[in-house]
Number of protein chains: 2
Amino acid sequence: MTKEDRFEHILTKLSVNQRVHFEELAVELNVSEDTIRRDIDILGKNGLLVKVRRGGIIPAINPLSFQERASLFPEGKERIAFKVQPHLSEAKTVFMDGGTTILAIAAAIPINAELRIITNNMALPAVLHEHEQVEIISLGGNYNRNTRTTTGAQTCLEACKYVADLYLMGACGIDHALGVTAQVAEDGEVKRAFLASSRKTIAVVTQEKIGRIDFFKVANLDAIDTIVTDLPSDDFRLNAYRFAGREIL
Amino acid sequence: MTKEDRFEHILTKLSVNQRVHFEELAVELNVSEDTIRRDIDILGKNGLLVKVRRGGIIPAINPLSFQERASLFPEGKERIAFKVQPHLSEAKTVFMDGGTTILAIAAAIPINAELRIITNNMALPAVLHEHEQVEIISLGGNYNRNTRTTTGAQTCLEACKYVADLYLMGACGIDHALGVTAQVAEDGEVKRAFLASSRKTIAVVTQEKIGRIDFFKVANLDAIDTIVTDLPSDDFRLNAYRFAGREIL
DNA sequence: CAATATTTTGCAATAATTTGCAAGAAAAAT
DNA sequence: ATTTTTCTTGCAAATTATTGCAAAATATTG
């Protein structure tokens with residue numbers, strides 16, 4: 001009975017019953033409850049279920065996260081948003097930059113979360129309008145209509161004034177050899193500023209950006225602590241990054 | 001019976017019956033009324049229902065959004081927007097602050113206008129999304145969800161870095177004796193910063209703000225060059241301002 | 001194949017959450 | 001104004017989670 005066998009059993013049971021309990025699974029799989037607990041923790045971090053007290057449930061029925069989703073399992077940006085949440089709830093101050101994935105993550109933040117978000121993303125405040133416990137600090141600069149972000153020297157200068165626990169970096173290409181790249185220089189400059197002032201950096205990239213090399217080099221791969229994608233965390237396309245020692249979610 | 005199971009039951013029942021009661025749910029789910037109370041509190045805080053006395057009800061149709069409110073009373077604001085356009089087309093660089101009237105003015109700017117707008121109004125970029133010849137400089141600072149503006153020391157500091165031909169001041173009370181006042185200090189501070197760095201200032205005020213005196217004093221009447229309202233320019237209610245030597249439109 | 005790392009597992013101690021109860025506060029009803 | 005009902009708050013007991021650790025299992029290396 002390998003760990004993967006247990007995963008399969010858990011997910012199968014989950015899809016049938018909509019929920020699983022540590023206690024039952026421990027008996028069924030003949031391992032301790034602690035082991036099941038750890039399994040469900042891993043599955044949860046990969047967005048395959050939602051860990052709750054006493055067990056796990058299908059993400060779709062978790063009313064406090066993605067209630068409106070039609071499909072059984074989250075996909076794409078929602079799945080990324082899902083994986084990122086635990087990290088977000090640990091942080092107090094977060095840098096967030098541009099991109100629709102970042103917006104999806106913000107939309108998934110629980111309504112009563114307490115957080116300080118520092119951003120150059122002008123679309124973000126609208127998304128977080130109901131989140132009264134979330135303090136938003138907007139970075140000034142030249143507004144860019146395509147990306148809905150501010151960029152330029154002013155933006156970088158302001159970013160330098162803060163230190164964040166976490167930087168959620170969106171909208172970038174990522175390559176195992178050439179590291180992180182941006183399509184436009186201004187955006188890349190801001191990313192560098194954020195990188196320099198955050199304790200931890202998570203790059204959020206949808207699969208089409210994996211292996212993509214853009215014009216402006218932002219940083220080497222080792223500047224990133226964690227990479228979150230919409231692929232399963234053990235997908236072969238992520239092997240190169242895993243070998244590079246990055247945490248993959 | 002986990003918390004999530006209860007959530008599901010509550011929300012299902014809610015969708016069928018339009019409302020739920022603590023007492024019934026406590027019996028149905030075999031827990032104390034206090035527990036149900038707490039559950040409904042959580043669901044309420046996440047916007048999945050509205051907590052009321054004795055239970056919860058389905059959330060009302062979205063409370064009026066900012067944009068909707070903005071379009072609710074368009075006549076007056078459109079008139080103002082119309083009157084302001086000539087001044088706007090003369091200017092190269094314009095400060096614009098918060099308020100729905102300002103948004104109405106921005107929405108009325110011709111699509112091919114060439115302009116540089118410096119603003120702390122986070123809703124403005126969305127309105128000007130199609131205006132490719134309009135350069136927008138966003139001022140950073142603490143985001144305020146009610147006014148959709150940034151305020152604070154950072155905002156003022158940045159405002160000081162620019163000089164504008166014109167300042168379109170919105171969302172303020174105006175009184176012939178006490179001058180211009182703002183409802184919150186932070187907003188007032190930003191208004192002062194804009195005032196100090198612009199060659200010409202136009203206050204745009206809908207009629208309900210004429211004669212209104214708010215808490216925070218921004219400036220005396222003579223700091224304003226022009227007052228634009230939705231009243232006819234010869235309306236008697238504007239006499240006091242005309243006598244004070246202000247230009248009235 | 002043996003020796004050594006690495007991972008996994010179960011256990012125990014400690015921490016955190018949940019729950020029902022009770023007392024006082026607030027809101028409706030009389 | 002008074003009574004009744006409903007809400008909120010604090011608290012302690014019970015349940016459930018987390019963490020550190022050592023033994024067992026598994027993988028890696030020479």
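In what follows, chains are A, B, ... by sequence order, proteins preceding strands, each numbered from 1. All values below were derived from every heavy atom in this structure, side-chain atoms included, with hydrogens, water molecules and symmetry-related copies excluded.
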### Query
How far apart are the C-alpha atoms of V52(B) and R19(B), what are their side-chain angles, what is the distance that settles it, and do they pass the side chain to side chain contact (heavy atoms under 4.5 Å, CB included) test?
CA-CA 10 Å; V52(B) 296; R19(B) 61 160 187 279; over 6 Å; no

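The base of dG10(C) has none of its N or O atoms less than 3.5 Å from a complementary donor or acceptor on the side chain of R37(A).
Checking dT18(D), dT18(C), dG10(D) against the side-chain heavy atoms of D34(A) singles out dT18(D) as nearest.
When all heavy atoms of G141(B) and T155(B) are compared, the pair lying nearest together is CA-OG1, 3.5 Å.
Whole-Å rounding puts the R53(A) CZ to dA15(C) P distance at 16 Å. Atom P of nucleotide dT8(D) and atom CD1 of I36(B) are separated by 15 Å, given to the nearest angstrom. Atom pair H21(A):NE2 and dT15(D):C1' shows a separation of 14 Å (rounding to whole Å applied). Atom CG in L29(A) sits roughly 15 Å away from atom C1' in dG10(C) (whole-Å rounding). Between the CG atom of D39(B) and the P atom of dT8(D) there is a distance of 14 Å, rounded to whole Å. Atom C1' of nucleotide dT19(C) and atom CG of D5(B) are separated by 16 Å, given to the nearest angstrom. Atom P of nucleotide dT16(D) and atom CD of E23(A) are separated by 8 Å, given to the nearest angstrom. Here dT18(D) presents its C1' atom at 15 Å from CD1 of I40(A), a figure rounded to the nearest Å.
For the pair T35(A) and dG10(C), the criterion of a side-chain N or O lying under 4.0 Å from OP1 or OP2 is met. Distances shown here put every side-chain N or O of K51(A) at or beyond 4.0 Å from the OP1 or OP2 atom of dT16(D). Considering only side-chain N and O atoms, R6(B) lies nowhere under 4.0 angstrom from the phosphate OP1 or OP2 of dT18(C). Residue K3(B) places none of its side-chain N or O atoms closer than 4.0 Å to OP1 or OP2 of dT15(D).
Distance check: H131(A) NE2 to E114(A) CD gives 12.5 Å after rounding to the nearest 0.5 Å.
K51(A) has a carboxylate O that lies under 4.0 Å from a charged side-chain N of D41(A), or vice versa, which qualifies the two as a salt bridge.
If R38(A) and E33(A) are placed on DNA chain D by their nearest nucleotide, the residue sitting closer to the 5' end is E33(A).
Side-chain atoms of I174(B) and K209(B), non-hydrogen and from C-beta on, never get closer than 4.5 Å to each other.
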